[in-house]
Amino acid sequence: MTDRSDDISSRRAFLKGTIAAGGAIAGASMAGASTPDPLITEVQPWASAFGDGVDATPYGMPIKFESDVVRRNVEWLTADTTSSINFTPIHALDGTITPQGCAFERHHSGAIELSKSDYRLMINGLVDTPLVFSYADLERFPRVTRTFFCECAANTGMEWAGAQLNGAQFTHGMIHNMEYTGVTLRTLLEEAGLTAAGDLKDKWVFVEGADASSNGRSIPMEKALDDCMIAFKANGEALRKEHGYPVRLIVPGWEGNMWVKWLRRIEVTGQAIESREETSKYTDTLDNGVSRKWTWVMDAKSVVTSPSPQAPITHGKGPLVITGLAWSGRGAITRVDVSTDGGKNWQTARLAAPGTDKALTRFYLDINWDGTDMLLQSRAMDSTGYVQPTKAELRAVRGLNSVYHNNCIQTWHVYPTGEAENVEVS
Ligand SMILES: Nc1nc2c(c(=O)[nH]1)N[C@H]1C(S)=C(S)[C@@H](COP(=O)(O)O)O[C@H]1N2
Ligand SMILES: [Mo]
């Protein structure tokens with residue numbers, strides 16, 4: 001309680017400070033001003049008639065004024081939309097949970113329609129008893145509910161050579177963060193029995209989906225038994241078709257490609273399968289021609305979501321809320337710093353809530369903007385002590401051939417007009 005009232009009184013002092021400095025309140029207009037505001041003095045249409053009754057929309061959709069908060073793709077990136085990607089409108093969202101309806105989609109052969117009654121999940125290979133589960137079977141195992149981010153390894157991939165795409169949605173929107181409900185992969189593997197697999201240290205599971213691409217990936221047994229989940233609910237409701245209805249795999253902190261949708265088979269194997277998705281794709285070639293192998297983890301990363309190119313400042317100088325997202329595939333976000341001068345000086349941002357493992361963390365920095373140019377950056381730190389690198393630091397290690405796993409510090413140039421642009425400060 002004391003913390004909260006402290007917050008409020010310091011915010012008041014902050015606003016008062018602005019009045020003293022600028023002679024007018026920024027962020028609020030003075031009650032009792034000389035010209036009457038018809039929005040206050042006149043009876044408005046919405047107060048003169050009834051609104052919609054209940055059941056007008058049995059499943060609610062966002063109000064029409066929010067129609068620009070939608071996923072978007074970048075047409076020139078892919079040849080067609082069935083093997084393509086679109087982007088979460090992170091510039092327009094707040095908090096940490098991504099509504100399914102605007103959570104990015106990545107399909108290799110389109111989103112399929114698979115009913116619960118047609119759904120089958122097979123576990124085979126080096127197990128004591130190969131098993132097939134129906135959807136109803138899965139519902140009878142002890143359940144867990146956990147929140148994790150899912151980031152495509154290609155997120156920010158277009159930015160390696162220089163600033164490319166003008167908007168946080170396009171540079172950083174291949175990410176979503178949902179609360180998943182399902183059964184742990186460990187529970188199902190133990191149901192099939194792992195005695196036949198012998199020493200589990202060098203064992204793997206190969207997971208594949210029911211879509212035409214199947215998107216097969218190998219996962220080390222240690223990870224499979226650690227925190228992977230077979231999810232059938234996201235944010236409290238059934239998974240949407242585009243996110244793998246009725247069942248998808250959750251591989252916390254690891255690249256999105258491993259989060260197999262429409263999961264149909266889990267094979268316990270003695271070695272990695274080295275499928276297309278883990279050899280020619282989702283790997284990065286270094287300057288010396290050698291490709292990095294098994295780059296599963298998504299390292300700590302952050303981005304300022306507002307202000308940003310699609311979320312310019314429209315209110316002029318004075319109090320400004322700078323906000324963004326931070327995440328780490330290795331643990332929890334412990335701190336986020338924000339710079340307004342391209343990384344020369346840093347201020348520690350306020351975390352909306354303490355960071356949790358492998359989930360998005362929201363940060364805020366409340367400043368008094370003087371209306372001059374800013375080079376806005378954010379820098380995340382995680383519970384392993386790792387600090388998000390600059391673009392130059394990342395390039396020094398990875399060269400310029402990489403596409404995937406670009407977690408460098410992003411810069412927005414905010415102009416005195418309030419507009420913002422993606423620029424390179426390495
Ligand atoms: N079966 C199947 N699973 C899949 C894919 C796919 O095309 N088919 N795409 C993968 C990739 S590359 C990513 S980044 C994530 C994206 O998950 P989303 O579409 O729910 O955002 O799903 C992964 N799982
Ligand atoms: Mo991906």
Side-chain angles (χ1 to χ4, degrees), residues 70-74 77-78 80-90 93 97-114 119-122 147-158 169 172-180 182 206-219 228-235 237-266 275-284 295-298 301 327 329 360 402-407:
V70 288
R71 300 186 273 236
R72 290 187 178 86
N73 74 4
V74 175
L77 273 181
T78 51
D80 65 77
T81 56
T82 50
S83 181
S84 192
I85 181 113
N86 60 20
F87 301 83
T88 308
I90 52 170
L93 302 176
I97 293 294
T98 316
Q100 288 200 71
C102 64
F104 87 92
E105 307 165 64
R106 169 73 173 109
H107 317 306
H108 289 74
S109 50
I112 57 166
E113 203 166 85
L114 175 55
Y119 180 76
R120 299 288 183 277
L121 173 60
M122 178 185 289
T147 301
F148 297 112
F149 75 80
C150 170
E151 183 184 17
C152 178
N155 200 20
T156 323
M158 280 75 76
Q169 177 167 21
H172 289 76
M174 292 185 197
I175 192 160
H176 50 61
N177 190 66
M178 303 193 201
E179 183 196 74
Y180 295 100
F206 183 69
V207 286
E208 65 183 14
D211 54 330
S213 80
S214 80
N215 196 79
R217 288 292 306 247
S218 312
I219 301 174
C228 292
M229 275 175 75
I230 313 285
F232 36 82
K233 293 278 164 77
N235 300 340
E237 62 180 354
L239 287 165
R240 296 285 166 82
K241 163 180 151 181
E242 56 270 36
H243 300 121
Y245 181 95
V247 176
R248 92 174 301 170
L249 184 69
I250 307 300
V251 189
W254 288 24
E255 60 188 15
N257 186 257
M258 305 174 91
W259 294 47
V260 172
K261 302 191 275 191
W262 315 289
L263 181 67
R264 76 161 173 209
R265 196 169 69 93
I266 300 165
S275 70
R276 169 188 183 273
E277 303 297 315
E278 53 201 18
T279 51
S280 81
K281 301 288 179 259
Y282 299 97
T283 53
D284 290 302
T295 49
W296 301 306
V297 183
M298 301 309 294
K301 184 164 166 181
W327 61 95
L360 290 190
S402 283
V403 172
Y404 307 104
H405 297 275
N406 180 353
N407 68 321

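Just so you know, ligand 1 is whichever comes first in the structure, and atom 1 is the first atom listed for that ligand. It should be emphasised that the depicted structure is a prediction, and the values quoted were computed from it without experimental measurement. All residue numbers in this chain count up from 1 along the given sequence. Values reported hereafter were calculated over all heavy atoms of this structure, with side chains retained and with hydrogens, waters and symmetry mates removed.
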Check whether any N or O atom of Tyr282, backbone or side chain, sits under 3.5 Å from an N or O atom of ligand 1, and answer yes or no. no
Nearest-contact summary for atom 8 (N) of ligand 1 - protein heavy atom, Å: Asp211 OD2, 2.8 Å
With only distance considered, is Ser214 within less than 3.5 Å of ligand 1 through an N or O on each side? no
Can a salt bridge be assigned to the pair Glu237 and Arg240 using a cut-off of 4.0 Å between side-chain N and carboxylate O? yes
Any ion pair linking Lys301 and Glu151 (charged N to carboxylate O, less than 4.0 Å)? yes
His108 and Glu277: side-chain donor and acceptor closer than 3.5 Å? yes
Is it true that Asn235 and Glu179 share a donor-acceptor pair across their side chains at a distance under 3.5 Å? no
Run the numbers on Arg248 and Met229 for side-chain contact (heavy atoms from CB on, under 4.5 Å), then give the verdict. CA-CA 8 Å; Arg248 92 174 301 170; Met229 275 175 75; over 6 Å; no
Kindly confirm or rule out an N or O of Trp262 lying under 3.5 angstrom from an N or O of ligand 1. no
Are any of the N/O atoms in Ala210 less than 3.5 Å from those in ligand 1? no
For the pair Arg217 and Glu255, find out whether any cationic side-chain nitrogen is under 4.0 Å from an anionic carboxylate oxygen. yes
Salt bridge between Glu105 and Lys261, side-chain N to carboxylate O under 4.0 Å? no
Should you measure from each heavy atom of Arg248, which atoms of ligand 1 turn up under 4.0 Å away? 15 (C), 16 (C), 17 (O), 18 (P), 20 (O), 22 (O)
Give the ring-plane orientation class for Trp262 versus His107, where under 30° counts as parallel, over 60° as perpendicular and anything between as tilted. tilted
Nearest to atom 19 (O) of ligand 1 by heavy atom, His243, Arg264, Glu277, Lys261: which? Lys261
Decide whether an N or O pair under 3.5 Å exists between His107 and ligand 1. no
Is Asn215 touching ligand 1 with its side chain, its backbone, both, or neither, if touching means heavy atoms under 4.0 Å apart? side chain
With heavy-atom distances below 4.5 Å as the criterion, would you say the side chains of Val297 and Trp254 are in contact? yes
For atom 9 (N) of ligand 1, closest protein heavy-atom neighbour: Arg106 O, 3.3 Å
So which heavy atom in the protein is nearest atom 23 (C) of ligand 1, and how far is it from that ligand atom? Gly256 O, 3.3 Å
Measure the distance from atom 21 (O) of ligand 1 to every protein heavy atom, then report the residue, atom name and distance (to 0.1 Å) of the closest one. Phe104 O, 2.6 Å
Kindly check if the number of other-residue, nucleotide or ligand heavy atoms within 6.0 Å of CD (Glu113) is above 12? no
In ligand 1, which numbered atoms sit nearer than 4.0 Å to a non-hydrogen atom of Glu105? 19 (O), 21 (O)
Assess the side chains of Gln169 and Thr88: does a donor N or O sit below 3.5 Å from an acceptor N or O? no
Which ligand 1 atoms are under 4.0 Å away from a heavy-atom of Glu242? 19 (O)
Enumerate the atoms of ligand 1 whose separation from the nearest heavy atom of Ser213 is less than 4.0 angstrom. 7 (O), 8 (N)
Do Asn155 and Asn406 have side-chain atoms, one donor and one acceptor, less than 3.5 Å apart? no
Those atoms of ligand 1 less than 4.0 Å from some heavy atom in Val260: 3 (N), 24 (N)
Enumerate the atoms of ligand 1 whose separation from the nearest heavy atom of Trp259 is less than 4.0 angstrom. 22 (O), 23 (C), 24 (N)
Closest protein heavy atom to atom 6 (C) of ligand 1, given as residue, atom name and distance to 0.1 Å: His108 ND1, 3.5 Å
So if I count the atoms of ligand 1 from 1 in the order they appear, which ones are less than 4.0 Å from some heavy atom of Cys152? 14 (S)
